[in-house]
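Proteins come first, then strands; the chains are lettered A, B, ... in the order of their sequence lines, and each starts at number 1. Values below: every heavy atom of this structure, side chains too, minus hydrogens, waters and symmetry copies.
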Amino acid sequence: MPGVKRIRVKLMSRYNARVVEPKWQEAWDSAEVFKATRDETREKYYVLEMFPYPSGRIHMGHVRNYTMGDVVARYKSAKGFNVLHPMGWDAFGMPAENAAMEKKVHPGDWTYQNIADMRAQLKPMGLSIDWTREFATCDPEYYGQQQAMFIDMMGKDLVYRKNAVVNWDPVDMTVLANEQVEGGRGWRSGALVERKELTQWFFKISEFSEDLLDALDGLTEWPEKVRIMQKNWIGKSQGLQFNFKTLGAPKGFEELEVYTTRSDTLFGASFTAISCDHPLAKALESDPKIAAFNAECRQVGATEEALETAEKKGYDTGIKVAHPFEAGCELPLYIANFVLMGYGTGAIFGCPAHDQRDLDFARKYDLVITPVVCDEAQDPDTFSIGSEAYLGDGRIINSRFLDGLSIEDAKLEVNKRIEAMGLGEAKTNYRLRDWGVSRQRYWGCPIPVVHCEACGVVPEKKENLPIELPKDVSFERPGNPLDRHDEWRNCDCPSCGKPAQRETDTMDTFVDSSWYYARFTNARADTPTVAEDVAYWMNVDQYIGGVEHAILHLLYSRFFARAMNLTGHLPKEAIEPFNALFTQGMVCHETYKDPDGKWLTPDEVKPVSGGYETADARPVTIGPSIKMSKSKKNVVDPDDIIDQYGADTARWFVMSDSPPERDVEWTAAGADAAWKHLQRVWRLADEISQSTEVDKADAKQVKDLQKATHRAIDDVTSGIEGFAFNKSVAGLYQFTNTLAKSNADKATKIEAMKVMAQMMQPMTPHLAEEIWAVMGGTGLVAQAPWPKVDPAMLKDDTVTLPIQINGKRRDEIEVSADISKEELEKLVMANQTVERALDGSAPKKLIIVPGRIVNVVI
RNA sequence: GCCCGAGUGGCGGAAUGGUAGACGCGGUAGAUUCAAAAUCUACUGUCGAGAGACGUGCCGGUUCGAGUCCGGCCUCGGGUACCA
């Protein structure tokens, strides 16, 4: 009965992700398909996505990030590599302490619960992760090894203490993160934030400035933009460091040491300026006006952004400095809020004509503006500076013995003379500062040192590690609970055994994430790393994560790998830990507000004609599409998508459309389209397997489908290799269309569908397994080799060439692919459109790009 | 402020300096259906009746030919050293 058959086909063609996905996940688990085992006979491939902070819920950004890594991992595995693809948790940090304060839960309990929740959300995605290597950075087994390395680094003189400023909330009596300072005030107390000096721990990253800079050139598989950002961050500059003689300065400040990269402009100097944190500025604070000005400067936030965007202000100290080359020329000395103590010497000379900031300052305080570099196209006698400083190239003017020289020659001449006068020397400077790792917080890795009255600061004995965080702490009061936990604090000195006190600072969480990649190579070892494992698995072959980590996390990791090498925890070959880096974009969504201006989540609004309205039919304002965030409520929980459509649909959607490096827009329509396509592929597979048609082998149809199959292999492969997953997806759509329309015989279609399953496997692994099984594939498609492309199948016999006339497309001709240039020329000249355009005359020029285009210039 | 990106149809986006808009969404028409959903087929940058003209954020340049290269802007996003 036809009706019966019809119903049966319909039932068969339903693809039920809810049943199919767990089934294949169990199959992979029981076959331990993703367990990575060291095997020196096989070539390894290490794929790593930046591990997540356990906020409690995964979001679409995670889904996208981990799907990308999974596609690479599964693809490389199919290519025959021994793949390592681990997962862990960046588990220390501020949010756990905030939760402790708000919800009265212990930061550890909160964090481990979040990890459990997120793991439960990630597992259904079917990621090819070796979960046996999972760890959290807040596990004592992990941070204890980090403490051991800290001690080793102390032994190699890579760690030291010095004073540095923090944001201090005078009401809450606590240190604030930059993020917790809003408009110069503490986010909770609302008090004006002060800058306070504390003795803090530092890593000597700046000693590696030159190496970290040089080695960037070798990171050829990193995005150019990231290398440029790091280069600028390190900020190497060639300059001159020299002394001005001061007039009227307090005792001990007879000289003022400045650093400049523009020594050629010394004759254009009209003032000098120091930071409010400069020792001289502090020495002058006995003058209440200066003390007040310095205090005002220190009110400006500690961030570079706050300093640079603040209005430029100065205070004339009345002190003068003598120009080294111009007898009798005296320059005023200002304290200025835009001079940074952390860079150079904390003192500068200002040349307003050739520096915009100095010019603004000079205009404000009515200082002399003498141009000393003249644009070659201008007359030196009339060259003057308006509202913009002249930053271009040119000849030196108004500078006595430098007149007529180029900028470069003038710099050399000034440097030579200053050195000869014994006033200073040419010096290379770096913008990169040492890495302050002290945090006055509980939820971090304790710094494993002890303060002893007799012995000073001593490292803990390694056998006492890990120094674990005490469990019994309270967050009733602001500040660091470790400071007031006497039982934990009091200890015996590891050196003399007398009563002493533990350091209560914990480490910056960037330390935790600076070596986790190495720990994954042997996550349970009782040393930080194991030589054989790091030798085999390092480096990370492909690292994937957000571009927001382009500088800090990646630079710190590069430094830490060097430090680990010096302390014997990583081989020399691994000092650049990430061979290839890919930075992905964010996931965005529209924002919605009700008439009261309250943010609404996407499922609180329902579509009506021309827009959206609330559940109680009030109009909804649609805002811009921005990065998904809890505060704007524009979040789509991946759980819902996975529940509704299955993991494959979520994976397929985040891989399609947008190029991975760009931000992606989540739309419900797009998810639905992804689901429809997967259903369609499944139906197609089902139809093919059930078709009973007798083979009517039309040779051309067979050949066409085979060619399309190889074209698809080529497209999908180059898409994955080039991190253009959206193009791989487009190739698979195209291939599906071709296959659906094909009249080739069943055997050819089955072959094509098996290749389809192999190619879809990295993106939609569950559906791929199901299709593979239905098509009679052997074993798991997750373990099947990647299909090989036959280059002969990619060639076409004929090619369509566009004909341009004066660069504009006017016609096209179909010619054989291996046509000679002469023959083609003849065909072009005989073309009607060309003949009409030429109207009897000869073309000026005929440009033929073989296989591409013909351009007739008239 | 400074450093680094990005801007292409109604929408997401393709395009080794060589046919701008692949592929998908949406839309229109048709097939199927008692009807709908689902599915399938065709069309779909804008203007224009048409020939054709215009078109890749803006202004200028290089080139036989520019989304692509160069110079100058605008807007949006990321980072800015204690968010991770």
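- Rounded to an integer number of Å, the gap from A:M507 CE to B:C83 C1' is 20 Å.
- Legend: salt bridge (Lys or Arg N to Asp or Glu O under 4.0 Å) pairs involving residues 193-202 of chain A, not counting sequence neighbours, sorted by first then second residue: A:R195-A:D277, A:E197-A:K282.
- Within 4.0 Å (heavy atoms only), A:H549 reaches at least one base atom of the nucleic acid.
- Taking atom C1' on both nucleotides, B:G21 is separated from B:C11 by 13 Å, rounded to a whole Å.
- Of the candidate nucleotides B:G24, B:G79, B:C82, B:C82 has the atom lying nearest to any side-chain atom of A:R439.
- We find that CG of A:N737 is positioned 12 Å from C1' of B:C40, with the value rounded to whole Å.
- Separating the CG atom in A:N737 from the OG atom in A:S742 is a distance of 12.5 Å, to the nearest 0.5 Å.
- Backbone-only engagement by A:R810 is indicated by non-hydrogen atom pairs under 4.0 Å involving sugar-phosphate atoms exclusively.
- Residues A:Y516 and A:F51 place their aromatic rings such that the two centres sit under 6.0 Å apart.
- Out of B:U39, B:A22, B:C82, the shortest distance to the side chain of A:R683 is found at B:U39.
- One donor-acceptor pair, N or O on each side, does fall under 3.5 Å between the base of B:U16 and the side chain of A:R852.
- Closest approach to the A:T800 side chain among B:G12, B:C82, B:U19 is made by B:U19 (side chain taken as heavy atoms from C-beta onward).
- Base contact: A:Q440 has a heavy atom under 4.0 Å from a base atom.
- Each of B:A81, B:G13, B:G24 was ranked by its minimum atom distance to the side chain of A:P659; first place goes to B:G13.
- Atom CD of A:E102 sits about 9.5 Å away from atom CH2 of A:W110, to the nearest 0.5 Å.
- Put simply, A:S658 has no side-chain N or O that comes within less than 4.0 Å of OP1 or OP2 on B:G12.
- Between A:Q180 and A:N98 there is a side-chain heavy-atom pair separated by less than 4.5 Å.
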Pairs under 3.5 Å (N/O, protein and nucleotides 1-9 of chain B):
| from | atom 1 | to | atom 2 | distance (Å) |
| --- | --- | --- | --- | --- |
| B:C3 | O3' | A:N232 | ND2 | 2.8 |
| B:C3 | O2' | A:N232 | ND2 | 2.9 |
| B:G7 | OP1 | A:R662 | NH2 | 3.2 |

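- Nucleic acid contact class of A:F510 (heavy atoms, under 4.0 Å, all strands): base.
- For the side-chain hydrogen bond (donor to acceptor under 3.5 Å, both in side chains) condition, the pairs that include at least one residue of residues 198-207 of chain A, sequence neighbours left out, are A:D157-A:K204, A:N163-A:T199, A:Q200-A:Q440, A:W201-A:E503, A:S206-A:D434.
- Listed by first and then second residue, the side-chain hydrogen bond (donor to acceptor under 3.5 Å, both in side chains) pairs that reach into residues 720-732 of chain A are A:Y75-A:E721, sequence neighbours excluded.
- Contact annotation for A:P52: no contact, since no heavy-atom pair falls under 4.0 Å across all strands.
- When heavy atoms are screened at a 4.0 angstrom cut-off, A:K741 is found touching the sugar-phosphate backbone but no base atom.
- Closest to the side chain of A:V547, out of B:U19, B:G78, B:A84, is B:G78.
- Among the atoms of the strands shown, only primed sugar atoms or phosphate atoms (P, OP1, OP2) are found under 4.0 Å from some heavy atom of A:V857.
- The distance between atom CZ of A:F653 and atom C1' of B:G13, rounded to the nearest whole Å, is 12 Å.
- Comparing B:G78 with B:A29, their P atoms sit 42 Å apart, to the nearest whole Å.
- Less than 4.0 Å separates RNA chain B from at least one heavy atom of each of the following residues of residues 94-102 of chain A: A:M94.
- Annotation: B:A22 and B:A14 have their P atoms spaced 12 Å apart (nearest Å).
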Name the pairs: protein N/O against N/O of nucleotides 65-76 of chain B, kept only if under 3.5 Å.
none

Report task. Both distances under 3.5 Å, Watson-Crick or G-U wobble: on that basis, could you give the dot-bracket string for RNA chain B, with [ ] for crossing pairs and | for other-strand partners? Result -> (((((((..(((.....[....)))((((((.......))))))(((....)))..(((((..]....))))))))))))....
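- Ranking B:G79, B:A81, B:C82 by closeness to the A:L432 side chain, first place goes to B:A81.
- Mapping A:I853 and A:Q200 onto RNA chain B via the closest heavy atom, the residue that lands nearer the 5' end is A:I853.
- Ring centers of A:W435 and A:Y556: under 6.0 Å apart, within the cut-off.
- Note: A:M50 CE to A:H62 NE2 = 12.0 Å, rounded to the nearest 0.5 Å.
- Listed by residue number, the members of residues 715-728 of chain A with any heavy atom below 4.0 angstrom from RNA chain B are A:N726, A:K727.
- Among residues two or more places apart in sequence or in another chain, the salt bridge (charged side-chain N to carboxylate O under 4.0 Å, His left out) test is passed with A:E304 by A:R431.
- Remark: the A:D483 side chain and the A:T504 side chain contain an N/O donor-acceptor pair separated by less than 3.5 Å.
- Side-chain N or O atoms of A:T137 include one that pairs as donor or acceptor with a backbone N or O of A:A91 at under 3.5 Å.
- Using a 4.0 Å heavy-atom distance criterion, A:Q230 is classed as making no nucleic acid contact.
- Nucleotides B:A20 and B:A37 are separated by 37 Å at their C1' atoms, to the nearest Å.
- For the ring-ring contact (aromatic ring centres under 6.0 Å, His included) test, residues two or more places apart in sequence or in another chain that qualify with A:W652 are A:H677, A:Y733.
- The shortest distance between side-chain heavy atoms of A:V654 and A:M60 falls below 4.5 Å.
- Rounded to the nearest 0.5 angstrom, A:K313 NZ and A:F338 CZ are separated by 13.0 Å.
- Using a 4.5 Å heavy-atom cutoff, the side chains of A:F725 and A:I720 are in contact.
- Atom NZ in A:K312 sits 9.0 Å away from atom CG in A:L307 (nearest 0.5 Å).
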Filtered N/O pairs between nucleotides 26-31 of chain B and protein, under 3.5 Å:
none

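- In this structure, the side chains of A:R558 and A:Q230 come closer than 4.5 Å at one or more pairs of heavy atoms.
- For A:Q734, whose side chain is taken as the heavy atoms from C-beta onward, the closest listed nucleotide among B:A81, B:G18, B:C23 is B:C23.
- What separates CZ of A:R195 from C1' of B:C82 is a distance of 14 Å, to the nearest Å.
- Among residues two or more places apart in sequence or in another chain, the salt bridge (charged side-chain N to carboxylate O under 4.0 Å, His left out) test is passed with A:R161 by none.
- Residues A:W675 and A:F653 fail the side-chain proximity criterion, which asks for heavy atoms closer than 4.5 Å.
- When rounded to the nearest whole Å, the span between CZ of A:R711 and P of B:C23 equals 14 Å.
- One distance of note links CG of A:D355 with CD1 of A:I348; it measures 7.5 Å at 0.5 Å rounding.
- The residue A:S438 sits close to a base: some heavy atom pair falls under 4.0 Å.
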